[in-house]
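Lettering of chains follows the sequences in order, A, B, ..., and the numbering in each one begins at 1. In this text the structure is predicted, and so the values were computed from the model without any measurement.
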There are 2 protein chains.
Amino acid sequence: MSKDEEILEELSEFFKAFSHPVRLKIIINLMEGPQCVKNLGETLDMSQPSISQHLSILRNKGIVGCRREGSLICYYIKDPRVKKLYNILIKEELSWQEKS
Amino acid sequence: MSKDEEILEELSEFFKAFSHPVRLKIIINLMEGPQCVKNLGETLDMSQPSISQHLSILRNKGIVGCRREGSLICYYIKDPRVKKLYNILIKEELSWQEKS
DNA sequence: TGATTATATTTTGATATAATAATAACCTAA
DNA sequence: TTAGGTTATTATTATATCAAAATATAATCA
């Protein structure tokens, strides 16, 4: 596979991370700061395994990272492209976010 | 479904359009200007039905539009978010594009 | 009209993704 | 070390997506 093909593959994988509403929710929440899985589950009102599965997808793509803090595992945005994307395309669509 | 849920659904559908390397290629090509299906097929070296299928996905999401011009059908970028996305995230990753 | 070119749709089979349930692993505190 | 709370993984089933092939539609030209 050529270099350009690889770039396109990687880019499409990146966008695939955003192509599910639950993952979008997770990403939007993490944009406000690192969160542990438990908090995410409560905020999004979803089952723990489901949250965990989507987090593992985001982790595998390098979009989020995590660190253990005692009994909790704290997730945070890792890929710098997420911030760009959030600022120009996501933030302004969300009614509950101020458009500073 | 709440308003916010709908927004997230729509956004995730939008990103899903970019989550396949062939569709990325098509979008990148159309960013340089409208193209007919035949040209796209030749440029990308892909079968006509395959191009056409991906175009119909992009069409259904409102990302591209098309108009008939004689015997050809000309596709163009329709969703204004595409240009934003292209400029901040896609363009700079492509080695064959100048980063003006 | 029939033939040709351009494009779209449909179908099929293979593969990937999703939700859910069950279980396992890990940490902390008693 | 056991118990309880937190997170991850696995298995299963349902659904979605993909590529490829076959077929259908639409316009043009002879």
Sugar-phosphate only, base, or nothing, as touched by A/S52 at under 4.0 Å among non-hydrogen atoms: base
Pair A/E13 + A/K16, salt bridge at N-O below 4.0 Å: yes
Whole-Å distance separating the CZ atom of B/R67 from the C1' atom of C/dA8: 19 Å
Presence of A/Y75 side-chain N/O under 4.0 Å of D/dA8 phosphate oxygens OP1/OP2: yes
Lys/Arg N to Asp/Glu carboxylate O, B/E69 vs B/R67, below 4.0 Å: yes
Verdict with reasoning, A/K83 to A/E32, per salt bridge (charged side-chain N to carboxylate O under 4.0 Å, His left out): CA-CA 11 Å; A/K83 194 174 181 182; A/E32 292 162 10; over 6 Å; no
Atom-pair distance (CG on A/L58; C1' on C/dA18), nearest Å: 14 Å
Nearest-Å distance for atom pair CZ/P, residues B/R68 and D/dA26: 9 Å
Nearest-nucleotide 5' precedence on DNA chain C, A/H20 against B/N39: B/N39
Listed nucleotide nearest any side-chain atom of B/K38, set D/dA27, D/dT9, C/dT7: C/dT7
Proximal nucleotide (of D/dA19, C/dA18, C/dT7) relative to the B/V37 side chain: C/dT7
Sole candidate of B/V64, B/L58, B/I57 that passes side chain to side chain contact (heavy atoms under 4.5 Å, CB included) when paired with B/K61: B/I57
Candidates C/dA18, D/dT7, C/dA6 - which lies nearest the side chain of A/I57: C/dA18
Residue closer to the 5' end of DNA chain C, A/K16 versus A/Q53 (nearest nucleotide): A/K16
Nearest-Å distance for atom pair CE/P, residues A/M46 and C/dA19: 6 Å
Nearest listed nucleotide, side chain of B/R59, among C/dA21, D/dA27, C/dA8: C/dA8
Interatomic distance, A/L72 CG vs C/dT28 C1' [rounded to whole Å]: 11 Å
Phosphate contact (D/dA19 OP1 or OP2) by B/H54 side-chain N/O below 4.0 Å: yes
Closest-nucleotide ordering on DNA chain D, the 5'-leading residue of A/L55 and B/G70: A/L55
Spacing between B/Q48 atom CD and C/dA8 atom P, to the nearest angstrom: 7 Å
Distance in angstrom units between B/I73 CD1 and D/dA24 P, rounded: 19 Å
Beyond-backbone contact of A/F14 with A/I63, side-chain heavy atoms, under 4.5 angstrom: yes
